[in-house]
> 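What follows is a single structure, and I will ask about it in a moment.
The figures that follow rest on heavy atoms only: side chains count, while hydrogens, waters and symmetry mates do not. On a predicted model such as this, the values are computed, not experimentally measured, just so you know. The sequence lines fix the lettering, A, B, ..., with proteins before strands; numbering per chain opens at 1.
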Number of protein chains: 2
Amino acid sequence: MGRPSQPLISRDAAFRAALTVIDREGLEAFSVARLAEEMNVKVPSLYHHFRHKGEILAGVARLIMVEADDLKRWPRGPWKEVFENLTVSAWRAMVRHRNAMPLIFQFPPRSVVLGSYERNINVLEKKGVPRHQILRLLQGMDSILMGAAFVAASADPDSTGVFPAFDPHAFPALAAVAGASDMNHEDLLRATMRTFMDGVSPDLPEENAVTAGAEVA
Amino acid sequence: MGRPSQPLISRDAAFRAALTVIDREGLEAFSVARLAEEMNVKVPSLYHHFRHKGEILAGVARLIMVEADDLKRWPRGPWKEVFENLTVSAWRAMVRHRNAMPLIFQFPPRSVVLGSYERNINVLEKKGVPRHQILRLLQGMDSILMGAAFVAASADPDSTGVFPAFDPHAFPALAAVAGASDMNHEDLLRATMRTFMDGVSPDLPEENAVTAGAEVA
DNA sequence: ATTATCTATAGATCTATAGATAATGC
DNA sequence: ATTATCTATAGATCTATAGATAATGC
C-alpha cells in the first residue's frame, strides 16, 4: 500500500478514537489493536505516531480534561452562580467519560489543570473575590468536583438516586434518612458546592456590591 | 506435593498479599502469577480459592475500604472535630494505598460504604445533629474525602505542596496566590471539611449546648 | 470422599519492531 | 530523501483449565 495521499492518522484523531472505544467498551477492552481496528488502520501505523501505548492513554486523559475545562468560559453574572455551573459542566464531562476515570488518575494532565487554575484565579480576582479566599475556593471546589465525579462515575449508571439499591432492614437508619431525600448526583454536587462557597465567602452586603460592580465579560 | 497439613492460602491472606504487591510495585505489575510468587505458591492453587482475577481485585478494594472505615470509632468529643479526624484517617488509608485507587473505582465495595453510612447516621443522630442535616453532611463529606484522596493520590508523591512544580512565568497569577500558601494536602482537606461542616451546621449557641450534652462513647 | 496443593499446558492476547512499499516535497 | 502506510512476526505475558498427588476428616 505505501504512503497514502492523505494521512490516515493524526495524533488527535487517534486520541478521539481511543476515547470512543473506551466510552463504548470500557478501559479493559482498549488495546492498540482495538484502536487500529476502530480507525481502519494497522497496528504498526499507530506506532509511527506514538512511541508506546501510554502516550496514547495520556493523550486521552488530556482530551477529557480539555473537554471539561473548555466550557469554563465565565459568562457574566454573579461569580458563585457562574462558577457552580461551570463546575457542573466539568463534572458532566468526566461522568460522560466515566470509563476513562482511571486514566485521569494515572496520567494527570498537569498543564491543563494549571492553566485552568491560572484563568480561574484571574477571573475571581476581577470579580472582586478577596485574594486570600481564592486559592481556598479553587482547591476546595476541585476536591468536591473530583470527588463527585469519582463517586458518580463509579455508581451504578442505572440507579436513580445517589445510593445503590440496598435492603432497608439491613440499613434502617440510612433507609430513614435517604427515603426523605430524592437528590440525584448533580443536585448533590450543587448543594455541596453552594455550602462550601458560602462558607469560604459569606454574602456580606458590602461584598455583594463590590462583586456586582466587578463582573467580567 | 499434594495437600499440605496447614493450608498455604486463605482468601484474606491473598487479598493482603495482593495489596502488598500493588502498594510496592503498582497496579500494572499485579498479575495472578505475581501474586502466586509473592505467596510462594503456584498459580493454579490460587484458582482453587478464586474463580477469576477480578474476584481478587474486588477483595483488595474491599480491604482498603475496610481499613479506611475501621478507624471510624467515634470517640467522645464534639462531633465536628471527631468527624474531621476520622475522615482524615480514611483519607490517609486511601493515600497509603494510592496505587490501588482505580480498584476502588472499578469495584466499589458497596456494602462497606453502606455500613459506614449507617453507623455514622446513628452517631450523628445521637450527637444531636438535626436530622435534615445528616444526609447532606455525610454525602458532602464523602465527596470531599474521595476528591481529596483522588487528587493527593495522583499527585507527585515527592512534591511538598499541593501543586506540582510549575514555571511561575507561565502561570503568574497562580504563582502569586500559591506562594502565599504553604498548605499540604492534609491541611487542605481539613480546611475544606471545616468550611463545609460549618456551612451545613452553623454553630448556633443553643445547638452547641444540645450537642455537648448528647455526646456518645 | 473431599480438599488443597502441584505439574503441565492450551490458547489467547498484547506490545513493539524489522523491513518492504509507495507517495510526497524539496 | 523523507514520510506514512503496510505485511510479517518475535517474544513476552497472562488467564484459566485438566489432571495427578497427597493430606484430611468422616
> Got A:V41 and A:L46 here, is their nearest side-chain heavy-atom distance under 4.5 Å?
yes
> Table please: side-chain donor-acceptor pairs of residues 144-153 of chain B below 3.5 Å, with sequence neighbours left out.
none

> Base, sugar-phosphate, or nothing for A:S31, non-hydrogen atoms under 4.0 angstrom?
sugar-phosphate
> Name the stems with DNA chain D in them: runs of three or more consecutive Watson-Crick or G-U pairs, distances under 3.5 Å?
C:1-24 with D:1-24
> For B:R24, is there an ion pair with B:E38 - N to carboxylate O distance below 4.0 angstrom?
yes
> Is a donor on one side and an acceptor on the other found under 3.5 Å between the side chain of A:R98 and the backbone of A:S154?
no
> Just say parallel, tilted or perpendicular for the rings of B:F166 and B:F163, cut-offs at 30° and 60°.
perpendicular
> Nearest-nucleotide wise, let me know which of A:H48 and A:P44 is further upstream toward the 5' end of DNA chain D.
A:H48
> When you measure from every atom of DNA chain D, which of residues 1-10 of chain B have a heavy atom less than 4.0 Å away?
B:M1, B:G2, B:R3, B:S5
> Heavy-atom count check: over 12 atoms from other residues, nucleotides or ligands less than 6.0 Å from A:R136 CZ?
no
> Which two nucleotides bound the region of DNA chain D that has atoms under 4.0 Å from heavy atoms of chain B, read 5' to 3'?
D:dC14 to D:dT24
> Between B:R110 and A:D156, is the closest basic N to carboxylate O distance under 4.0 Å?
no
> Taking all non-hydrogen atoms of both residues, which atom of A:A93 and which atom of A:A68 are closest, and how far apart?
CB-CA, 3.8 Å
> Using a cut-off of strictly less than 4.0 Å between a heavy atom of the residue and any atom of DNA chain D, enumerate the qualifying residues of residues 51-58 of chain B by number.
B:H52, B:K53
> Would you confirm whether B:Q106, through its side chain, and B:P102, through its main-chain N or O, come within 3.5 Å as a donor-acceptor pair?
no
> Check this for me, if you would: do B:K80 and B:E84 make a salt bridge, where the nitrogen-to-carboxylate-oxygen distance has to be below 4.0 angstrom?
no
> Considering only NZ, NE, NH1 and NH2 on the basic side and carboxylate oxygens on the acidic side, decide whether A:D23 and A:R96 come within less than 4.0 Å.
no
> Run the numbers on B:H185 and B:W91 for side chain to side chain contact (heavy atoms under 4.5 Å, CB included), then give the verdict.
CA-CA 10 Å; B:H185 287 281; B:W91 176 84; 3.7 Å; yes
> Please tabulate, one pair per line, all N/O donor-acceptor pairs under 3.5 Å involving side-chain atoms of residues 169-178 of chain A, not counting sequence neighbours.
none

